[in-house]
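Here is the structure we will look at, set down as structure tokens.
Each chain gets a letter, A, B and so on, in the order the sequences are listed, and its residues count up from 1.
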Amino acid sequence: MIARIAVASAVFSMDKPFDYRIPDSLTLQPGQRVRVPFGASNRRTEGIVLAVMPDGAERPDGPAFKPVEAALDPEPLLSRAALHLAAFVRERYFCTFYDAVRAILPAGVWFQPRDRYTLAENAAWDDRWRNPAAQAVFQTLQTLGGAAEESALRAQFEAEALQRALQYLRQKKLVTCETSHRRRVNDKTERIAVLAVPAEEARRFAQSHQASAPVQAAAMELLATLGECACKELCYYAGATSATLRRLEKLELLTLREQEVLPPPPPAAAADPKPLLLTPQQQAAYDSLSARLQDASPGTALLYGVTGSGKTAVYLRLIDDCLTAGRGAIVLVPEIALTPQLLRQFSARYGARVAVLHSALRISERYETWKRIRSGDADVVLGTRSAVFAPVRDLGLLIVDEEQEHTYQSENAPRYHAREVAIYRGAQEHALTVLGSATPTVESMYRAVTGAFGLCRITERYNGRPLPPVEIVDMKRELREGNASIISEPLLLALRENLRLGQQSILYLNRRGTSRMLACVECGSVPMCPGCSLPLTYHHANGRLMCHICGHSEPMPARCPVCGGHLRQIGCGTQRVEEQLQNLLPGVGVLRMDADTVSAVNTHEKLFRRFREERIPILLGTQMVAKGLDFENVTLSAVLDADLSLYASDYRAAETTFSLIAQVAGRAGRGKLGGRAILQTMTPQNQTIRFAAEQNYDAFFEAELPLRQLRGCPPYRDLLTVTFHGREEERVWQAALAFRARLDGLLHSEFYRGETAAVLGPAPASVARINYHYRCRLTLSCVNTRRLRELLAFLVREFAKDRSFRGVGAFVDVNGRE
DNA sequence: AGCACGCCGACT
DNA sequence: GTCGGCGTGCTC
């Protein structure tokens, strides 16, 4: 028999199925992983069986197929449906088959390759060979009895020299290498630095090396007070790199050890399940979706319900139906940490049948959960993005809650969009896909109104309360009238009023980009990262300037490096707003919630609980306060800078802004007390902001649609971007230009006549340089057909093989954000 | 990517 | 003779 196999070591430019002979001792099925020899040197690599075929399909000429060496799984790890899904992800998102497989499977199933080197029989060293390093490794192997693991050799030799020596010995046919695969279920660990000398001695070291090695001195000073510290943090505060710490380890001033990172504790136990009473609108939505669920091909439906309309109750009833029919369900949420309520509801209602999947799980936990789903013990899956691949048996229902959230789009390797995968998987497995949102993406609403999706609307809030009135405050006028603060006069009045009434307020700061960068007051220059085209941001905690992308860190200069002027923070972070609030409202409690104050200890949930229980008057924060929970006592919510997200280059800018404003406004007036919202903006006449203030989604949608058509964006066209990157700016741009010429040429040929496509660029990527690598991109605005995707994949393969473009890489993104 | 193979100039 | 560097081609 012959097995058609996707191998792990294939890169994009050579990714295709390879055929192997199945030895008689093995029986293989599609979805099983195997170990196979690959390439001229027959190095062992992992692969996954795609199909098994009878003999006779061998190539007429050419050598015979190599044999499969071993099965790595006793039974298939991926179902046929999952293999199909992997093929979809590969084709749709321009990655290798194995990249797709890696996205689908949990980390716990992966094997770690281990190399073992064995001396050839009667191998002897020839004195004519002049390679002392290789000779030393050879002799070590002899003393070790003729064979050793690479890890054992690594203890005695420096890594790079060892590689060269082994390569040499292999070429001389003195040693052979065998790769075995061992399962790896290791959890996340972090490196801890421990002080190895008395604190006084460490301080003396710090003193005496202040001038000659300031970074080492800073690290030792810190360690002297802390005793031990996570390396990451030590580096952060001292501005050190791991090399610094290794040097200090060599000096025997500190020791390094690995420690397991404990995941956050699971959320509190379940409350009693509440009976689900549906309003007439909820009932109508449920009835229509439930009817679809019975269909042989239920397709996709959009559940559009304003904030607080009770979409969750509809989900739960649908899941009940699905389970009753003996089928499983997957519910995707943007972020688990922000949905503790939902989590509790699920475990209260479905108990042990629920499986929760998200990134904060330990690898082992994640693997156990995955197995529980696969075995059928758990048939309700609640999870983030990657849970869309959960191995649920007989899947009946896929729910994507808050489908407009960008967290559904993966940021690395297969840059898939979980919503799109859910729609495809639903169709493939005859399951109903429900997209839920209070502010649906223009794409989804378009597909709903044009009939591709079903559409259910819930226009009333669950408690029958109206959406809070929204007041727009013109910040330019505030400025003209002499108020340069980020808190406008009307907002200040509203805050004072709320304080008087003992009610709470939520302030949302739309922080992006400019928030923490510095600029010189005199010459206006902005300290930039040396390797990236990004301004450095100031970090209060360590008093250093840091680069978000590459992690570069430098001490905060006392004066402007260009002209010696004063450096000042521009833009407005939450810290600045907090200070301003303290000045305007002395003594009033403010709970700040952003990436700096939320940690493993201070979880979202804890902070939210404090806000609720301690009745802290003001909650101030970024993204996360826009979602969060329902608070009875919150009667005022405000967006401090509604404009900031409007001017991103992304085609979704207006949509995102609308959605955020609607969410923040929806935070107020959830309880009996009613409420109101305030929107501060520099552009009060802006259409998106006006519609958002009116909470008029339909008007926003109608206005946005023609703009999307004009710009050739989704839902009318897809944007396929090819990003080129490399160390030499010239070559990167030349490569992009050459690629464009080739693409243009083919698009104009007879074969592609029927395709609708416009090529734009090359243009610099939004971050034109990252870590000393330049990047630019071509954009193809097109009707996204298989034929065009194949063309693009072909061109990228051709590009990767073309030696004249060496040093320049290229990858494709589909409707990506930057 | 990762590796072998072949060709060339340099060094002993 | 031997080594290392580099360009080329292939992976069932």
Side-chain angles (χ1 to χ4, degrees), chain A residues 1-23 26 28 30 32-71 90 94-99 101-102 113-115 117 120 124-138 150 159-179 181 412-413 725-727 793 796-811:
Chain A
M1 299 286 273
I2 303 296
R4 185 149 283 177
I5 288 168
V7 294
S9 50
V11 292
F12 184 76
S13 62
M14 55 178 274
D15 186 42
K16 58 171 183 171
F18 292 92
D19 290 342
Y20 284 85
R21 204 185 76 238
I22 306 177
L26 281 179
L28 292 178
Q32 247 174 316
R33 288 176 304 169
V34 290
R35 187 167 66 229
V36 291
F38 190 65
S41 62
N42 282 329
R43 72 206 145 88
R44 306 305 144 81
T45 184
E46 197 182 300
I48 193 156
V49 180
L50 302 175
V52 177
M53 310 163 293
D55 299 79
E58 279 100 338
R59 293 168 290 186
D61 45 353
F65 293 140
K66 295 179 187 177
V68 173
E69 195 173 278
R90 172 189 125 100
F94 300 88
C95 64
T96 67
F97 196 92
Y98 236 77
D99 283 333
V101 172
R102 274 185 274 262
R114 286 156 57 105
D115 290 338
Y117 290 89
W125 186 263
D126 188 328
D127 283 331
R128 283 172 301 180
W129 298 329
R130 281 177 299 274
N131 189 331
Q135 190 172 7
V137 173
F138 180 84
E150 191 185 329
E160 221 164 287
L162 177 65
Q163 283 311 313
R164 293 175 78 91
L166 286 169
Q167 179 115 1
Y168 182 90
L169 293 173
R170 239 151 61 161
Q171 196 208 323
K172 287 270 179 270
K173 307 242 185 281
L174 290 172
V175 305
T176 53
C177 172
E178 271 173 75
T179 308
H181 291 82
N412 32 39
H725 57 97
R727 209 170 281 270
V796 172
R797 289 200 172 94
E798 185 185 73
F799 178 88
K801 285 176 191 157
D802 191 329
R803 279 170 219 292
S804 60
F805 298 130
R806 241 178 331 182
V808 183
F811 62 87

Atom-to-atom span, CZ of Arg803(A) to P of dT8(C) - whole angstrom
6 Å
Write down the distance between CZ (Phe65(A)) and P (dT11(C)), rounded to a whole number of angstrom.
12 Å
Using a 4.0 Å heavy-atom cut-off, does Ser41(A) contact any base of the nucleic acid, only the sugar-phosphate backbone, or nothing at all?
sugar-phosphate
Mind calculating the distance between CG (Leu50(A)) and P (dC12(C)) to the nearest angstrom?
15 Å
Sequence neighbours left out, what passes ring pair (Phe, Tyr, Trp, His ring centres under 6.0 Å) with Phe811(A)? Give chain and number order.
His725(A)
Is there a side-chain contact between Val68(A) and Pro23(A), using heavy atoms and a 4.5 Å cut-off?
yes
To the nearest Å, give me how far apart NZ (Lys16(A)) and P (dC10(C)) are.
11 Å
Gap between atoms CD1 and P, on Ile5(A) and dC12(C) respectively (whole Å):
11 Å
Sequence neighbours excluded, which residues qualify as salt bridge (charged side-chain N to carboxylate O under 4.0 Å, His left out) partners of Glu798(A)?
Arg742(A)
Ring pair (Phe, Tyr, Trp, His ring centres under 6.0 Å) partners of Phe94(A), counting only residues at least two apart:
none
On DNA chain B, reading 5' to 3', which nucleotide is the first and which the last to sit with an atom under 4.0 Å from a heavy atom of chain A, could you check?
dA1(B) to dA4(B)
Between Ala134(A) and Ala165(A), which heavy-atom pair has the shortest distance, and what is it?
CA-CB, 3.7 Å
Checking Arg170(A) now: which residues fulfil side-chain contact (heavy atoms from CB on, under 4.5 Å) with it, not counting sequence neighbours?
Tyr117(A), Val175(A), Cys177(A)
Whole Å only: how far is the CD atom of Glu69(A) from the P atom of dC12(C)?
13 Å
Donor-acceptor pairs are to be reported for all side-chain atoms of residues 42-51 of chain A against protein atoms at under 3.5 Å, with residues two or more places apart or in another chain.
{"residue": "Asn42(A)", "atom": "OD1", "partner": "Lys66(A)", "partner atom": "NZ", "Å": "2.5"}
{"residue": "Arg44(A)", "atom": "NE", "partner": "Asn42(A)", "partner atom": "O", "Å": "3.1"}
{"residue": "Arg44(A)", "atom": "NE", "partner": "Glu69(A)", "partner atom": "OE1", "Å": "3.4"}
{"residue": "Arg44(A)", "atom": "NH1", "partner": "Glu69(A)", "partner atom": "OE1", "Å": "2.6"}
{"residue": "Arg44(A)", "atom": "NH1", "partner": "Glu69(A)", "partner atom": "OE2", "Å": "3.3"}
{"residue": "Thr45(A)", "atom": "OG1", "partner": "Ser9(A)", "partner atom": "OG", "Å": "3.2"}
{"residue": "Glu46(A)", "atom": "OE2", "partner": "Tyr98(A)", "partner atom": "OH", "Å": "3.1"}

Please list, pair by pair, any protein nitrogen or oxygen found under 3.5 Å from a nitrogen or oxygen in nucleotides 3-6 of chain C.
{"residue": "dC3(C)", "atom": "OP1", "partner": "Tyr168(A)", "partner atom": "OH", "Å": "2.7"}
{"residue": "dC3(C)", "atom": "OP2", "partner": "Lys172(A)", "partner atom": "NZ", "Å": "3.4"}

Who are the ring pair (Phe, Tyr, Trp, His ring centres under 6.0 Å) partners of Tyr20(A), not counting sequence neighbours?
none
Write down the distance between CZ (Phe18(A)) and C1' (dC12(C)), rounded to a whole number of angstrom.
7 Å
Without decimals, in angstroms, what is the distance between Lys801(A) NZ and dG9(C) P?
12 Å
By salt bridge (charged side-chain N to carboxylate O under 4.0 Å, His left out), which residues pair with Arg90(A), not counting sequence neighbours?
Asp15(A)
